[in-house]
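Beneath this line is the structure, given in structure tokens, with notes to follow.
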2 protein chains.
Amino acid sequence: MDRLNEAMANGGASATLDDVARVAGVSRATASRAINGGNRVSPAAQSAVDDAVRRLGYSPNPAARSLVRRRTDSVAVVVPEPDERVFSDPFFARTLRGVTEVLSARDLQLVLLLARPGQEEARMLRYLRNRHVDGALVVSHHRSDLAGQLADLALPSVFVGRPWGSSDRVSYVDTDNVAGGQDATRVLVERGCRRIGTIAGPEDMTAGLDRLEGWRRALAEAGLAADAVEHGDFTEDSGERAAAALLARHPDLDGLVVASDLMAAGALRHLKAQGVAVPDQLAIVGYDDLGVAERTEPGLTTVAHPVREMAAQATRLLLDQVDGGTAGTPMRVVFPPTIVRRGSA
Amino acid sequence: MDRLNEAMANGGASATLDDVARVAGVSRATASRAINGGNRVSPAAQSAVDDAVRRLGYSPNPAARSLVRRRTDSVAVVVPEPDERVFSDPFFARTLRGVTEVLSARDLQLVLLLARPGQEEARMLRYLRNRHVDGALVVSHHRSDLAGQLADLALPSVFVGRPWGSSDRVSYVDTDNVAGGQDATRVLVERGCRRIGTIAGPEDMTAGLDRLEGWRRALAEAGLAADAVEHGDFTEDSGERAAAALLARHPDLDGLVVASDLMAAGALRHLKAQGVAVPDQLAIVGYDDLGVAERTEPGLTTVAHPVREMAAQATRLLLDQVDGGTAGTPMRVVFPPTIVRRGSA
DNA sequence: TTGAAAGCGATACCAG
DNA sequence: CTGGTATCGCTTTCAA
């Protein structure tokens with residue numbers, strides 16, 4: 001009765017199922033059943049157990065539980081980013097929100113794995129291999145064969161955004177970035193722009209490349225030149241620099257497709273400083289529509305994609321894998337982007 | 001030999017210590033020792049085990065391990081923020097970086113717990129109570145008695161920033177925000193400002209209140225009026241709004257102490273729009289120095305605090321508690337802030 | 001419906 | 001040094 005008293009004293013941190021069973025006057029097996037949904041337990045036993053649990057402040061030891069259930073009830077969100085700036089990207093915050101929504105509903109815990117490429121990557125992979133989590137969601141990733149490595153692990157996993165490399169071996173959710181880039185460019189073409197440049201995303205991210213490809217296609221289809229390209233890294237500062245470089249090389253630009261609103265905001269800053277009128281002298285279309293597009297001056301015409309929904313969908317796909325005990329059958333869901341018109345084009 | 005082959009086939013995801021022992025031709029006990037640092041194992045046994053581990057791609061089951069070790073080798077970073085915007089605050093990113101540094105060195109896993117006040121808070125508390133982690137680091141927190149609740153849990157925990165309520169019952173690391181507010185204000189006083197207002201932080205965060213208190217003290221000591229106060233929520237937009245409100249009410253202000261650089265950047269935006277010259281008509285001092293201060297125009301004179309070091313220190317304190325098996329003995333470490341001079345004051 | 005008992009996969013004490 | 005064995009705390013047959 002010593003341990004029991006101790007258990008009752010400190011908020012139940014150490015009460016075990018055995019204690020509960022003893023206090024409730026039932027067997028451990030019955031106590032366990034009562035606690036887990038109460039299938040096949042008499043009302044009497046159920047309430048005795050409920051009572052004991054309350055009195056003892058009992059809560060199950062997750063290690064013991066997952067040892068036998070082979071489940072951790074937690075999933076990892078892997079962020080293989082070299083830079084802490086991911087956080088300042090609204091895309092990331094929104095994604096996390098979408099994931100959390102779905103996870104909360106199922107009472108699963110989110111474990112965030114920040115892993116800068118390098119030794120942290122190895123640690124992260126080990127963590128996943130050890131099955132510390134039931135599955136992994138990979139978020140903003142650069143060129144690498146993480147997809148292949150995860151597929152090898154046979155751990156349920158879903159990418160948010162089409163991965164590099166072995167994209168055929170894993171599930172992912174994405175938006176049609178090619179279509180998005182194309183639509184953005186068409187807005188400018190239809191508006192009468194004849195000299196359309198682009199500030200593209202990083203060359204090591206599929207989203208960046210796809211949007212660029214869309215821009216190329218739209219220009220080809222309009223019979224316009226596609227030679228004014230500058231790459232940024234999705235940050236505002238890089239957008240400002242890219243705009244400066246681009247205009248220095250091509251002073252005759254009258255349209256600009258920018259692969260993210262943050263970069264577009266940077267470009268806008270440069271243009272304002274240079275006294276270039278937007279959209280009259282130079283029209284701009286951004287990408288994302290995650291809040292910053294409505295706060296710039298003028299507001300950004302941009303390509304919206306349902307980031308939160310994508311993340312939620314990815315999470316659901318992951319949970320399906322987890323539930324089904326299947327780590328395979330690559331699924332993919334691709335969302336269409338939509339144009340949102342504001343003042344910049 | 002069936003399970004064994006299976007284990008070898010799928011990357012070792014399911015090889016157990018037993019398999020390793022069998023393949024190495026030693027007992028489970030010896031295998032375990034060899035794997036954990038190799039104390040008291042003969043070179044022969046050691047290499048046999050190493051070999052088996054490699055061949056089988058064995059990696060220990062964390063649930064089983066933590067069941068007996070009573071250790072999870074992971075610590076939680078709790079973020080009790082209602083808003084996803086925490087992420088866009090450089091303070092948070094920097095903090096995370098400091099935590100990660102220390103954790104990585106010890107090979108501990110960071111588990112990020114996002115918990116909006118409400119039902120998620122309960123889930124978070126349950127997670128901690130269940131000892132899913134060895135300890136908790138609480139980051140940006142608003143008014144609440146989380147400190148008291150954690151103290152009750154008897155779980156090793158450290159706050160980054162002095163907590164509300166039962167701050168005497170938990171360990172925390174903080175900067176001297178009162179001194180910081182005071183120093184910031186003195187910069188303006190010494191510069192000749194006679195009418196100094198402030199854009200303070202939220203009224204439900206100790207950092208906000210302390211900085212405000214510092215501002216009050218400095219004004220009292222200079223014999224100046226301390227009546228021009230407006231509160232923001234540490235975001236750029238709130239800073240812009242607050243500046244507008246403040247100047248509308250007190251058009252004669254010649255100095256402004258702002259509780260965060262982000263808000264100061266917002267204020268700067270408003271001033272530029274209004275054609276107010278900084279620092280000549282109105283001098284400004286910010287707070288944080290986490291990067292944005294050097295990117296504004298003019299650069300912000302600001303109060304710097306060693307955010308990364310604070311986070312690292314907090315993490316070390318936490319690990320001491322974890323190692324010592326002590327969840328008590330509230331420790332505190334307070335870092336001094338320093339003034340960084342740029343163009344705004 | 002209930003309980004006895006067999007694991008789950010490791011660690012650690014204790015003889016040898 | 002090594003190996004047998006008792007746990008760790010919980011879930012899940014399997015009989016009763």
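Please read all numbers here as calculations on a predicted model, not as lab measurements. Chain A is the first sequence line, chain B the second, and so forth, proteins listed ahead of strands; every chain is numbered from 1.
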Once rounded to the nearest 0.5 Å, what's the spacing between atom OG of A:S32 and atom CZ of A:R65?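 Between atom OG of A:S32 and atom CZ of A:R65 there are 7.5 Å.
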Spatial distance of atom CG (B:L112) from atom CG (B:L114) [nearest 0.5 Å]: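 Answer for the CG-CG pair, B:L112 versus B:L114, is 5.0 Å.
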Starting at [atom1] of [X] and ending at [atom2] of [N], how long is that distance when rounded to a whole Å?
X	N	atom1	atom2	result
B:N36	C:dC13	CG	P	13 Å
B:R131	D:dG9	CZ	P	13 Å
A:N130	C:dG9	CG	C1'	13 Å
B:N39	C:dC13	CG	C1'	15 Å
B:I35	C:dT11	CD1	P	7 Å
B:Q46	D:dT2	CD	P	10 Å
B:L56	C:dG9	CG	C1'	15 Å
A:R22	C:dG3	CZ	C1'	15 Å

Check whether any side-chain nitrogen or oxygen of A:S32 sits under 4.0 Å from OP1 or OP2 of D:dT11, and answer yes or no.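 Affirmative; the distance criterion is met.
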For D:dT2, does either OP1 or OP2 sit under 4.0 Å from a side-chain N or O belonging to B:T30?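 False: B:T30 side-chain N/O out of range (4.0 Å or more) of D:dT2 OP1/OP2.
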Of the options [options], whose atoms approach the side-chain atoms of [X] most closely?
X	options	value
B:Y58	D:dT11, C:dA10, D:dG9	C:dA10
B:L67	D:dT2, C:dT11, C:dG9	C:dG9
A:R70	D:dG4, C:dG9, D:dT12	C:dG9
A:T16	C:dA10, C:dT2, D:dG9	D:dG9
A:R40	C:dA5, C:dT2, D:dG9	C:dT2
B:R33	D:dG9, D:dT2, C:dT2	D:dT2
B:N61	D:dT2, D:dC10, C:dA10	C:dA10
A:S42	C:dT1, D:dC1, C:dC8	C:dT1
A:R65	D:dT11, D:dT2, D:dG9	D:dT11

So what does A:A63 hit on the nucleic acid, given a heavy-atom distance under 4.0 Å: a base, only sugar-phosphate, or nothing? nothing
For A:L153 against A:R131, the heavy-atom pair lying closest together: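 Residues A:L153 and A:R131, closest heavy atoms: O-NH2, 3.0 Å.
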Polar contact flag, side-chain donor to acceptor under 3.5 angstrom, A:Q149-A:D145: no
Set out, in order, the CA-CA distance, both residues' side-chain angles and the distance that settles side chain to side chain contact (heavy atoms under 4.5 Å, CB included) for B:V138 and B:Y172, then state yes or no. CA-CA 9 Å; B:V138 184; B:Y172 64 81; over 6 Å; no
What I want to find out is whether A:R106 reaches A:D323 closely enough, with some N-O distance under 4.0 Å, to be called a salt bridge.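 Result for this pair is yes, salt bridge flagged.
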If each of A:V68 and B:R28 is mapped to the nucleotide of DNA chain D with the nearest heavy atom, which maps nearer the 5' terminus, i.e. the 5' end? B:R28
Closest nucleotide of DNA chain C for B:D18 versus for A:V26: which of these residues is on the 5' side?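 Its nearest nucleotide being more 5', the pick is A:V26.
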